[in-house]
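See structure below.
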Amino acid sequence: MSRATTPEAYKLLHEGLQTLSRIESNGIRIDTDYLEGAIGKTKRRIANLYRSLEEDEVTQVWKTTFGRSANFNSREQLGEVLFNRMGHACVNRTPTGRPRTDEESLSSLSIPYVKRFLKISKLQKALSTYLYGIQKETVDGFLHPIFSLHLVSTFRGSSERPNFQNIPIRLEWIADLIRQAFIPRVGHALVELDYSGIEVGISCCYHHDPRLTAYVEDLSLDMHRDMAAECYMMDTDQVTKQLRYGGKNKFIFPQFYGDYYINCARNLWDHIVSGKLSMKNGTLVTDHLKEQGITRLGACDPKQKPKARTFEKHIQEVEANFWGSRFKVYAEWKEKWWSEYQKNGGWQTLTGFIENGVFKRNEAINAPIQGSAFHCLLWSLTRLQKWIERNRSGAKIVGQIHDSIVADVPVDEVQDYLAAAKKIMTRDLARKWKWISVPLRIDAEIAYEGQSWNDKKEIKIEN
DNA sequence: TACTTCGGCGCC
DNA sequence: AAAGGGCGCCGAAGTA
């Protein structure tokens with residue numbers, strides 16, 4: 001059970017919902033010709049890949065195992081073929097005891113068939129969830145995703161039919177395929193504004209950890225680079241973009257979400273091994289770690305104590321330092337927040353919402369941060385929509401992705417829109433909520449007329 | 001045919 | 001002491 005307790009909290013949701021209705025009504029323009037072509041091409045690519053596997057031994061075993069009911073899309077059947085018929089060792093199982101057949105488990109087998117199977121899976125996901133998913137919801141060249149405020153336990157928003165909040169972006173070749181379908185209206189540009197590091201910033205408003213606050217305040221500091229250096233035991237000036245990515249997405253964020261050293265060690269290790277990553281000076285990171293006395297990952301078994309000279313042991317120490325020293329105040333806040341929740345059965349967020357119910361430790365600690373961060377976005381969204389109406393702007397907000405706002409803006413209004421949005425999202429919001437104790441920053445990206453969402457490039461905001 | 005569960009995977 | 005926060009959508013497989 002959760003409620004908007006204060007009048008401001010109620011107003012935030014009430015107005016937010018009206019804004020989201022406007023966004024749904026606006027819709028985003030879709031290049032339907034492109035979509036049709038991309039669907040055809042992707043279908044042919046998938047068919048060709050399957051054809052190239054017809055002679056493979058795995059295909060033959062698959063046929064003798066399943067006969068008429070063979071389904072070469074089925075991961076469950078693949079698991080049966082590989083692990084029970086062909087004798088490959090299954091190291092990963094799901095909670096129900098079935099062999100795990102996710103990308104990570106399968107790619108570690110290094111079987112040519114499997115490599116191609118995974119490629120087909122990626123294309124199939126792109127085709128069914130995205131290309132077809134977008135096409136079947138497009139009406140007269142526009143897509144109108146639904147945006148809700150009542151479905152997420154943390155008070156974040158959600159999106160469906162289709163989900164506008166999980167359009168591929170991480171893998172370039174998939175992003176290329178999907179995002180080209182999203183285009184600006186005639187005479188418009190797509191403008192995307194996102195709060196940089198809003199959840200980390202809002203977390204500081206709860207725990208006031210001085211070291212984390214310093215990272216947020218001082219742009220010359222770089223937490224992700226620093227933690228990559230510590231995890232991979234190198235100087236900060238040896239950290240490449242990819243290694244920084246590992247520090248950020250395989251250590252810092254998982255740690256903030258409540259993960260622990262065993263998973264982090266595994267993922268950090270896999271990151272450098274499967275990517276064959278090097279330091280800036282060209283040395284392979286695995287070779288470098290060897291020089292530092294670390295030759296292997298370690299058992300990564302929760303029941304075993306990590307052994308000396310393993311990467312697992314090292315990351316355990318990094319973790320201990322992370323919470324015991326570096327972000328000690330944050331760690332103390334987590335304990336306090338958790339025990340207060342256990343005592344009271346709920347909490348109140350900085351944005352004026354009361355949340356009651358049964359929560360696990362990690363959920364209780366993350367929910368207020370995630371929800372309050374989204375409320376920053378939601379407030380900005382309504383203010384921006386009001387600015388658009390008041391100024392008779394031709395800008396149309398077309399979507400929201402948790403910490404970002406996507407709008408379709410007349411080309412000659414772009415600078416006005418950017419200036420107004422920056423004022424609202426940073427200065428006005430900080431004035432509205434006095435508890436915001438860190439600087440608010442936004443980044444802007446733009447895709448011009450004739451381009452697509454896939455072409456968005458960073459753009460400076462003039463004050 | 002309709003529905004549920006599971007595993008998997010896309011995003012923040 | 002426990003051990004990854006939040007979603008929506010897909011196909012496969014089983015059940016009603």
Side-chain angles (χ1 to χ4, degrees), chain A residues 66 69-80 92-106 118 120-134 136-137 145-171 174-175 177-179 194-200 203 248-267 300-303 316 319 323 334-335 338-339 342 359-371 373-374 377 399-404:
Chain A
F66 288 98
S69 47
N71 177 350
F72 298 101
N73 289 319
S74 167
R75 291 177 112 104
E76 199 173 327
Q77 291 189 8
L78 176 65
E80 172 71 16
N92 257 335
R93 289 186 182 273
T94 69
T96 56
R98 315 210 289 230
R100 219 177 245 300
T101 53
D102 61 358
E103 190 178 0
E104 198 199 335
S105 310
L106 289 178
L118 290 170
I120 295 171
S121 290
K122 284 260 186 291
L123 283 165
Q124 191 57 51
K125 173 82 176 173
L127 180 64
S128 56
T129 302
Y130 297 105
L131 296 175
Y132 279 135
I134 292 164
K136 74 179 174 205
E137 298 290 351
I146 294 165
F147 293 95
S148 303
L149 291 179
H150 65 293
L151 296 174
V152 181
S153 64
T154 61
F155 282 108
R156 250 197 193 177
S158 63
S159 168
E160 59 187 328
R161 295 177 58 186
N163 183 350
F164 185 68
Q165 298 175 323
N166 71 349
I167 307 297
I169 192 165
R170 183 176 51 93
L171 295 181
I174 298 286
L177 181 62
I178 310 300
R179 287 183 175 243
D194 71 289
Y195 274 113
S196 32
I198 188 75
E199 280 197 25
V200 175
S203 82
K248 177 180 178 181
N249 296 298
K250 316 283 178 185
F251 187 81
I252 289 187
F253 281 142
Q255 287 288 334
F256 282 168
Y257 292 144
D259 205 356
Y260 74 134
Y261 70 95
I262 287 188
N263 289 331
C264 291
R266 258 205 217 105
N267 294 331
C300 289
D301 177 354
K303 280 166 278 184
Q316 187 186 35
E319 180 187 79
W323 292 113
K334 290 201 294 186
E335 290 315 312
W338 174 234
S339 75
Q342 287 175 300
F359 294 90
K360 291 185 278 187
R361 185 178 189 274
N362 288 341
E363 293 169 342
I365 288 166
N366 279 306
I369 297 168
Q370 188 185 96
F374 173 68
L377 194 280
Q400 163 269 119
I401 313 173
H402 310 302
D403 67 354
S404 83

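Quick caveat, the model's predicted, so the values are computed rather than measured. Chain A is the first sequence line, chain B the second, and so forth, proteins listed ahead of strands; every chain is numbered from 1.
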Hey, does Glu103(A) reach any base, or is it just sugar-phosphate, or nothing, if we go heavy atoms under 4.0 Å? sugar-phosphate
Is there a side-chain polar atom (N or O) of Arg98(A) under 4.0 Å from OP1 or OP2 of dC6(B)? no
Distance, rounded to the nearest Å, where Leu78(A) contributes CG and dG11(C) contributes C1': 14 Å
Could you walk me through whether Phe374(A) and Gln400(A) pass the side chain to side chain contact (heavy atoms under 4.5 Å, CB included) check? CA-CA 10 Å; Phe374(A) 173 68; Gln400(A) 163 269 119; 3.4 Å; yes
Looking at the side chain of Asp403(A), which of dA13(C), dC12(B), dG6(C) is the nearest nucleotide? dC12(B)
Side chain of Val152(A), heavy atoms from C-beta onward: which of dC11(B), dG8(C), dC7(C) has the nearest atom to it? dC7(C)
Give a yes/no on whether any side-chain N or O of Ser153(A) is located under 4.0 angstrom from OP1 or OP2 of dC7(C). yes
Does dA13(C) have OP1 or OP2 under 4.0 Å away from a side-chain N or O of Ser74(A)? yes
With a cut-off of less than 4.0 Å, is there a side-chain N or O of Lys360(A) near OP1 or OP2 of dA3(C)? no
Determine, for Arg98(A) against Glu80(A), whether the closest basic-nitrogen to carboxylate-oxygen distance falls under 4.0 angstrom. no
Quick note, Arg161(A) side chain, CB onward, closest among dC9(C), dG6(C), dC10(C) is dC9(C)
Within the modelled atom types, does a donor on one side and an acceptor on the other bring the side chain of Arg170(A) and the base of dC11(B) under 3.5 Å apart? no
Phe256(A) side, atom CZ; Trp323(A) side, atom CH2 - distance, nearest 0.5 Å: 5.5 Å
Could you check whether the side chain of Lys125(A) and the base of dC10(C) have a donor-acceptor pair of N or O atoms closer than 3.5 Å, going by distance alone? no
Nearest to side-chain heavy atoms of Tyr257(A), which nucleotide of dA13(C), dG5(C), dG8(B): dG5(C)
Reckon Ser158(A) has a side-chain N or O less than 4.0 Å from the OP1 or OP2 of dG8(C)? yes
Between Asn71(A) and dA12(C), does any side-chain N or O lie under 4.0 Å from OP1 or OP2? yes
Just call it for Ile169(A): base, sugar-phosphate, or nothing, with non-hydrogen atoms closer than 4.0 Å on any strand. sugar-phosphate
Select one nucleotide: of dC12(B), dA1(C), dC10(C), the one nearest the side-chain heavy atoms of Ile401(A). dC12(B)
Kindly check if the number of other-residue, nucleotide or ligand heavy atoms within 6.0 Å of CZ (Arg161(A)) is above 12? no
Which is true for Lys250(A) with a 4.0 Å heavy-atom rule: it touches a base, it touches only sugar-phosphate, or it touches nothing? nothing
If you only use heavy atoms from C-beta on, which nucleotide in dC11(B), dG5(C), dC9(B) is closest to the side chain of Gln370(A)? dG5(C)
Please check the phosphate of dG5(C) (OP1 and OP2 only) for any side-chain N or O of Gln255(A) closer than 4.0 Å. no
Taking donor-acceptor contacts at under 3.5 Å, does the side chain of Asn366(A) reach the base of dG5(C)? no
If the cut-off is 4.0 Å, is Thr129(A) near the phosphate of dG10(B), judged by side-chain N/O to OP1 or OP2? no
OP1 or OP2 of dC11(B) less than 4.0 angstrom from a side-chain nitrogen or oxygen of Asn163(A), does that happen here? no
Does a side-chain N or O of Arg75(A) approach OP1 or OP2 of dG11(C) to a distance below 4.0 Å, or not? no
Once you apply a heavy-atom cut-off of 4.0 Å, does Asn249(A) come out as touching a base, just sugar-phosphate, or nothing? nothing
Would Ile178(A) and Ile134(A) count as a side chain to side chain contact (heavy atoms under 4.5 Å, CB included) here? Give the steps. CA-CA 9 Å; Ile178(A) 310 300; Ile134(A) 292 164; 4.0 Å; yes
Looking only at side-chain atoms of Thr101(A), point me to the closest of dA1(C), dG8(B), dG5(C). dG8(B)
For residues Ile174(A) and Pro168(A), report the shortest heavy-atom separation together with the two atoms involved. CG2-CB, 3.6 Å
